Amino acid sequence: MSTPSPTHPKPGVLDLVREDLRAFAGYSSARSHKVEGTVWLNANESPWTNAADGAGALRRYPQPQPDALRARLAEVYGVRPEQLLIGRGSDEAIDLLVRALCRAEHDPVVIAPPVFGMYAVCARLQGAPIIEAPLRDYADGWIADLAAMRDLATARRAKIVFLCSPGNPTGELIPLAAIRAMAQMLVGRALVVVDEAYIEYADAPSAASLIDEYPNIAVLRTLSKLHALAGARIGCLLADPALIEVLRRCQAPYPVPEPCAALALRALSPEALAQASERAARIRAERGRMLAALQSLAGVRRVYPSAGNFLLARFDDAETAYRRLLAAGVVVRDMRASPGLGDALRITIGTPDENDAVFAALQPVEAAA
Ligand SMILES: *Cc1c(COP(=O)(O)O)cnc(C)c1O
């Protein structure tokens, strides 16, 4: 298999980018060009350190894409550094993709609700039409209607198809073979974005392995969930190098704050990664325990199998369940405003004690008394 180089991308990826942005240079920052020097007077920074900033790590503007962190993230996610863009959470990458690929009013995105809300939010902000191909609720769980998504994308000339795997809030895992088939059908027409915010809990392979073969596949990863760094705002887009280059030029000049980059690098040490994967195993075990426990409760209509760190459950009376949990100090996600989820709550898997608190709060009143 040949490896696309940044200068000679396979046909198709850049064709998906808005024509007016293909040659867009973006903002030329003090850090855009690599030059050598010992006296740095090109960015109007202070010559002195802030008293609050001990070693002066923050006096200078940071690297737009910190080299060490980029290299480490690429290693961890199994891609080359030039196939990776670091953003302020994967949320920023979603926004960049919609802005760079979709012309307002013209180029739609396809989503499969109920799903993570940011795809539609970013599309709305950009004025990109939103085409919905609802997930299907089958006896053994939620399944994305990939054929419908693909057909709608083709018929309506959508530029982006958003897949969420594992799905939030449904927990559905989409097989790689299906993602590959979708990308194959949409070559040169649409970018298939696979949001893998929860993939570590699925114990399944990442779609990142398909990027070399299909430049119209892009993958979102984040340090916000398994790596316990939601507050640091570090997420990644893995994609064809030509697309990464375009998005870099659309991104803010210094998107990654230095303290966050340094922390993220420490959080990706071999020891930290070993701890993370051990925690993923614990979450999976608790997820299985909670699935069985919740299913045994009167008043719980249905609990969906989940590949994420959460469970989606339907209740006879979701309002009462939500209030009982709140009364016990437990806050879960009320999904009732989402399409098809008028009776559902999404419950994140916590520590064993926290999960026990969920179970206790949902006991029928007589049993709890
Ligand atoms: C939590 C979540 C994200 C993560 O967003 P960050 O901006 O990286 O914190 C992305 N996608 C989905 C589906 C999520 O649930």
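Ligands are counted one by one from 1 in listed order, and the atoms in each one are counted from 1 as well. Just so you know, these numbers come straight off a predicted model, no measurement behind them.
With rounding to the nearest 0.5 Å, the separation of CG in Leu362 from CZ in Phe315 is 5.0 Å.
In this structure the side chain of Gln83 never reaches within 4.5 angstrom of the side chain of Leu238, judged on heavy atoms. Between Leu191 and Leu101 the shortest side-chain heavy-atom distance falls below 4.5 Å.
The contact set between ligand 1 and Thr222, taken as ligand atoms under 4.0 Å from a residue heavy atom, comprises 6 (P), 8 (O), 9 (O). Listed by number with element, the atoms of ligand 1 under 4.0 Å from a non-hydrogen atom of Ser224 are 6 (P), 8 (O), 9 (O). Applying the 4.0 Å criterion to heavy atoms of Phe116 picks out, from ligand 1, the atoms 2 (C), 3 (C), 10 (C), 11 (N), 12 (C), 13 (C), 14 (C), 15 (O). Residue Ala197 has at least one heavy-atom neighbour below 4.0 Å for each of these atoms of ligand 1: 2 (C), 3 (C), 10 (C), 11 (N), 12 (C), 14 (C).
Looking at Asp343, its side chain never comes within 3.5 Å of a backbone N or O of Ala318 through a donor-acceptor pair.
Connection of Ile131 to Val194 is established within a shared hydrophobic cluster, with ILVMFWY side chains joined at heavy-atom distances below 4.5 Å, either directly or through further cluster members.
The option from Gly89, Ser90, Gly308 that lies nearest to atom 5 (O) of ligand 1, judged by heavy atoms, is Ser90. Proximity annotation for atom 3 (C) of ligand 1: of Arg88, Arg221, Lys225, Lys225 comes nearest, heavy atoms only.
Protein heavy atom nearest atom 15 (O) of ligand 1, with residue, atom name and distance: Tyr198 OH, 2.6 Å.
The proximity of Asp91 to ligand 1, defined as any non-hydrogen pair under 4.0 Å, involves the side chain as well as the backbone.
Relative orientation of the Phe116 and Tyr119 rings is perpendicular, given thresholds of 30° and 60° on the angle between their planes.
Residue contact annotation: Arg233 has a non-hydrogen atom under 4.0 Å from ligand 1. Close to ligand 1: Cys164, with a non-hydrogen atom less than 4.0 angstrom away.
Residue contacts with ligand 1: Tyr119 is placed with no nitrogen or oxygen under 3.5 Å of a nitrogen or oxygen of the ligand (distance criterion only). Geometrically, ligand 1 and Asp195 share a nitrogen or oxygen pair separated by less than 3.5 Å.
Under a cut-off of 6.0 angstrom, the local environment of CZ in Arg279 is sparse, with at most 12 non-hydrogen atoms contributed by other residues, nucleotides or ligands.
Of the charged side-chain nitrogens involved, at least one lies within less than 4.0 Å of a carboxylate oxygen, so that Asp91 and Arg233 count as a salt-bridged pair.
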